[in-house]
Amino acid sequence: MSVRPSDDARTILAQALAIDSAAETDRIVSALRQQLRGIRKRGLVLGLSGGIDSSVSVALAARAVGPQNVLCLFMPENDSDPESLRLGRLVADTFGVDSIVEDIGPILRAMGCYQRRDAFIRELVPDYGEGWASKIVIANALEHDGYNISSLVVQDPQGKQTRLRMPLPVYLGIVAATNMKQRTRKQIEYYHADRLNFAVLGTPNRLEYDQGFFVKNGDGAADVKPIAHLYKTQVYALAAHLGVPEEIRNRPPTTDTYSLAQTQEEFYFSLAYDRMDLCLCGLNNGVAAEVVGQAAGLTPSQVERIWADIAAKRKATRYLHLRPQLVDEVEEVIAERPLQPSHGERFR
């Protein structure tokens with residue numbers, strides 16, 4: 001059954017997602033400056049993918065500490081879309097920040113990332129090898145109740161695609177090997193941060209942060225995460241205000257992780273970001289399923305399924321947010337207490 005969005009419902013949720021972009025920019029910039037003074041860092045390093053989140057983060061970083069104190073890293077590998085590097089350079093040029101290309105393909109190859117991944121794929125597709133491509137996709141939460149089952153999509157050298165159900169060990173093995181990419185990128189970011197006495201900036205938006213759409217000690221590792229409180233819709237509003245190039249604002253969000261093109265909805269989320277925002281915002285603010293459904297073009301039962309999927313992901317990924325667990329607290333070390341800046345300390 002199709003549902004037409006209701007203007008009244010859209011208004012209710014649009015007000016909840018509304019943002020004063022200028023005021024929010026000032027608030028984030030002020031918070032970044034205070035946070036960096038607290039940890040005694042003079043600038044920011046971040047990985048720049050050419051996506052909307054990292055692009056907005058670059059713009060905010062440049063405003064907070066000055067373009068001369070921001071370093072962007074482009075970290076392509078064997079499966080990367082060349083378009084990401086082109087768009088990343090466009091962003092760096094737009095905001096006048098320095099950038100470095102670090103090709104992590106040889107590092108990943110030396111660690112066996114591709115070899116390990118392909119070995120697990122060959123448990124299902126023995127011929128998988130040179131000239132093949134693949135990605136992982138998830139079942140649509142709107143179409144069924146219960147667990148989301150991931151499938152493997154492979155494409156042979158002639159372009160024929162096949163979708164296969166994965167046993168859990170195969171799924172875990174492919175993901176474990178692929179996670180080397182995010183962890184290697186973060187290692188490179190911290191190398192540059194250490195040599196410059198900069199902090200590492202993480203770029204998750206609220207939807208990604210809430211739903212655990214990151215790799216622990218990979219893209220989930222950072223010293224500051226300035227947009228983690230913002231819904232993706234709000235990130236796009238900031239992008240327009242900050243002058244992020246229109247080409248990037250119009251680019252569909254992708255993972256740019258697997259050798260086959262892959263959207264975020266295919267891999268992790270149940271819906272496109274704008275409808276996911278409506279569902280998440282409605283859930284967080286106690287808006288009735290009927291109202292959310294009218295705004296998002298869903299039935300109430302479909303909204304309930306999305307909410308159940310959100311809850312399941314929160315539960316499954318809770319450990320990603322946890323600090324290392326100790327047998328006893330070490331009272332002399334208070335990780336949550338921010339360091340106070342020295343008198344007169346400033347960016348230079």
Side-chain angles (χ1 to χ4, degrees), residues 47 49-51 74-88 102-141 143-144 147-186 208 211-220 251-273 309 313 316-317 320:
S49 67
F74 309 123
M75 294 172 282
E77 46 90 17
N78 295 10
D79 296 325
S80 296
D81 183 350
E83 188 74 350
S84 296
L85 180 56
R86 182 186 72 81
L87 291 174
E102 292 270 14
D103 183 356
I104 65 170
I107 300 173
L108 295 172
R109 191 179 305 111
M111 292 194 301
C113 168
Y114 306 115
Q115 179 185 6
R116 296 170 198 264
R117 177 201 62 193
D118 292 355
F120 280 106
I121 294 175
R122 278 194 287 271
E123 291 188 23
L124 300 182
V125 186
D127 291 335
Y128 189 87
E130 190 70 26
W132 289 67
S134 62
K135 63 181 176 181
I136 288 177
V137 298
I138 198 167
N140 191 327
E143 298 174 356
H144 65 91
Y147 294 104
N148 282 330
I149 304 299
S150 294
S151 300
L152 175 68
V153 175
V154 296
Q155 180 175 290
D156 68 20
Q158 288 71 46
K160 179 184 176 182
Q161 290 193 3
T162 306
R163 180 168 177 157
L164 306 105
R165 288 281 295 271
M166 288 182 291
L168 182 60
V170 171
Y171 167 78
L172 292 176
I174 293 172
V175 171
T178 303
N179 285 351
M180 289 183 180
K181 299 180 180 184
Q182 286 83 359
R183 293 191 173 113
T184 300
R185 289 190 175 105
K186 196 57 60 173
E208 293 170 346
Q211 293 290 275
F213 186 49
F214 56 86
V215 175
K216 190 164 190 174
N217 296 326
D219 52 340
R251 186 191 190 196
T254 66
T255 63
D256 199 18
T257 297
Y258 291 86
S259 50
L260 279 177
Q262 179 193 56
T263 66
Q264 290 186 350
E265 302 97 86
E266 283 183 308
F267 181 63
Y268 202 77
F269 297 115
S270 303
L271 300 167
Y273 80 86
D309 189 54
K313 285 188 171 72
T317 63
L320 297 177

| request: Output yes when a side-chain donor or acceptor of S259 lies under 3.5 Å from a complementary backbone atom of S134, and no otherwise. | output: yes

| task | Ignoring hydrogens and angles, tell me if any N or O in the side chain of K181 forms a donor-acceptor pair with the backbone of C113 under 3.5 Å. | result | no

| task | Sequence neighbours left out, what passes side chain to side chain contact (heavy atoms under 4.5 Å, CB included) with T255? Give chain and number order. | result | F213, T257, Q262, Q264, F267

| message | If the condition is ring-ring contact (aromatic ring centres under 6.0 Å, His included), which residues does Y273 pass it with, not counting sequence neighbours? | response | Y236

| request: Find out whether D79 and R117 are in side-chain contact, i.e. whether some heavy atom of one side chain is under 4.5 Å from a heavy atom of the other. | output: yes

| note | Output for pair (E83 CD, R251 CZ), nearest 0.5 Å, gives 6.0 Å

| said: So for atom CZ, which belongs to R122, do other residues, nucleotides or ligands contribute more than 12 heavy atoms lying within a distance under 6.0 Å? | reply: yes

| request: Would you mind reporting whether E77 and R185 have side-chain heavy atoms less than 4.5 Å apart? | output: yes

| Closest heavy-atom pair and its distance - F120, V170 | O-CG1, 3.7 Å

| query | With side chains defined as the heavy atoms from C-beta onward, is the minimum distance between D127 and W132 less than 4.5 Å? | reply | yes

| Taking C-beta and beyond as the side chain, do D81 and T254 meet within less than 4.5 Å on heavy atoms? | no

| task | Taking all heavy atoms of F214 and all of G220, pick out the closest pair and write down the distance. | result | CD1-CA, 3.5 Å

| task | Give a yes or no on whether the backbone of N78 and the side-chain of Y114 come within a donor-acceptor separation of less than 3.5 Å. | result | yes

| query | Looking at NZ of K186 and CG of N217, how far apart are the two atoms once the value is rounded to the nearest 0.5 Å? | reply | 10.5 Å

| By side chain to side chain contact (heavy atoms under 4.5 Å, CB included) - contacts of L260 (at least two apart) | A133, K135, V153, Q155, Q161

| said: Applying side chain to side chain contact (heavy atoms under 4.5 Å, CB included) to R86 and F74, what does each step give before you reach the verdict? | reply: CA-CA 10 Å; R86 182 186 72 81; F74 309 123; over 6 Å; no

| note | Separation between CZ (R183) and CE (M111), nearest 0.5 Å, reads 10.0 Å

| query | What distance separates L152 CG from I136 CD1, expressed to the nearest 0.5 Å? | reply | 6.5 Å

| Can you name the closest pair of heavy atoms from D256 and S84 and give their distance? | OD2-OG, 2.7 Å

| request: Show your reasoning for whether side chain to side chain contact (heavy atoms under 4.5 Å, CB included) applies to D118 and Y128. | output: CA-CA 7 Å; D118 292 355; Y128 189 87; 3.4 Å; yes

| request: Please report the closest heavy-atom contact between Y258 and I174, naming both atoms and the distance. | output: CE2-CG2, 4.2 Å

| field | Interatomic spacing from OG1 in T162 to CG in L124 - rounded to 0.5 Å | value | 11.5 Å

| Roughly how far, to the nearest 0.5 Å, is the CD atom of Q182 from the CE atom of M75? | 10.5 Å

